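So the structure is just underneath, and the comments pick up after that.
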Amino acid sequence: MALDAVLPRSLNEWVVLALIDESPRHGFSIARELKQGGPIGEAWTVARPLVYRAIDHLESIGLISPTSIEPGEKGAVRTLYSTTKDGRKSVAWWLSQPIVHPRDVRTDLLVKFVLLARRGLDVAALASAQLESFRPTALGLEEKASRATADE
């Protein structure tokens, strides 16, 4: 199977995977953290249905697996999920990768910083990698600006 086929497709999925990697949990607890005003929701908000959609996809590609069931607050059972070996590797890789598109830095990089800090990891390495990845773009813009006319 190609690596791309087993990687999350969206920031929502990456964040859900990272939260499950912190500790086994169920969708409802993840949704609480990702709601507006929640611990992660300050940086990235995800509606409950999208949390469950992410869980379904992550399980289907083998990055998480159900580990146990516990009673819910109102009688319904809740399935706890844990990351698989591939899930743990994927999260570690993703958290170390700089953001490719400048338009995504505001959200994607901020949420990565939050998740790294929650793990007690230093954000300096990612910040340095991010600056380095944008260096060619910045140099290109400086070059264009130095040759631009007043109208440009």
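The structure presented is a predicted model; accordingly, all values stated were derived computationally and were not measured. FYI, side chains are in, hydrogens and waters are out, and symmetry mates aren't considered; it's all heavy atoms of this structure.
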- Task: Give me the ring orientation class for Trp14 and Trp94: parallel if the planes are under 30° apart, tilted from 30 to 60°, perpendicular past 60°.
- Result: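 Taking Trp94 first and then Trp14, their aromatic rings lie parallel (interplane angle under 30°).
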Could you go through the side-chain contact (heavy atoms from CB on, under 4.5 Å) check for Val46 and Val16 one step at a time? CA-CA 9 Å; Val46 181; Val16 168; 5.6 Å; no
For Ile20, which of Leu80, Ile64, Thr67 qualifies under side-chain contact (heavy atoms from CB on, under 4.5 Å)?
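Testing Ile20 for a side-chain contact (heavy atoms from CB on, under 4.5 Å) against Leu80, Ile64, Thr67 leaves exactly one candidate, Ile64.
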Can you tell me which residue among Val51, Leu34, Thr83, Val91 is in a side-chain contact (heavy atoms from CB on, under 4.5 Å) with Leu19?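 So the option named by the test is Leu34.
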Within the side chain of [X], is there an N or O that forms a donor-acceptor pair under 3.5 Å with the backbone of [Y]?
X      : Y     : result
Thr79  : Ile69 : no
Gln130 : Ile99 : yes
Thr45  : Lys35 : no
Ser29  : Arg25 : no

Ala127 versus Phe113, closest heavy-atom pair with distance: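 Looks like CB-CZ, 4.0 Å.
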Using every non-hydrogen atom in the two residues, find where Glu13 and Ala54 come nearest and quote the distance to one decimal.
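What the structure gives for the nearest pair is CG-CB, 3.7 Å.
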May I ask you to say whether Arg118 pairs ionically with Glu33, meaning some side-chain N is under 4.0 Å from a carboxylate O?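 Answer for the salt bridge query: yes.
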Q | Trace of the side-chain contact (heavy atoms from CB on, under 4.5 Å) decision for Asp21 with Arg119 | A | CA-CA 10 Å; Asp21 190 55; Arg119 292 165 179 254; 3.0 Å; yes
With rounding to the nearest 0.5 angstrom, report the [atom1] to [atom2] distance, [X] to [Y].
X      : Y      : atom1 : atom2 : result
Glu42  : Gln36  : CD    : CD    : 7.5 Å
Ile55  : Leu63  : CD1   : CG    : 13.0 Å
Ser133 : Leu131 : OG    : CG    : 8.0 Å
Ser65  : Leu58  : OG    : CG    : 11.5 Å

Side-chain contact test, heavy atoms from C-beta onward, threshold under 4.5 Å: evaluate it for Glu59 versus Pro66 and give yes or no.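 SC-SC contact between Glu59 and Pro66 confirmed.
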Are the side chains of Leu116 and Leu126 in touch, meaning some heavy atoms are under 4.5 Å apart?
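Counting from C-beta outward, Leu116 and Leu126 do come under 4.5 Å.
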Item checked: Arg78 NZ/CZ over Phe28 ring centroid, <6.0 Å and within 45° of normal ->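 Because its charged atom sits under 6.0 Å from the ring centre and within 45° of the axis, Arg78 does stack over Phe28.
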Could you walk me through whether Trp44 and Asp108 satisfy the side chain to side chain donor-acceptor pair (under 3.5 Å) test, starting with their C-alpha distance in whole Å, then the side-chain angles of each, then the deciding distance to 0.1 Å, before giving a yes or no?
CA-CA 8 Å; Trp44 184 249; Asp108 296 29; over 6 Å; no
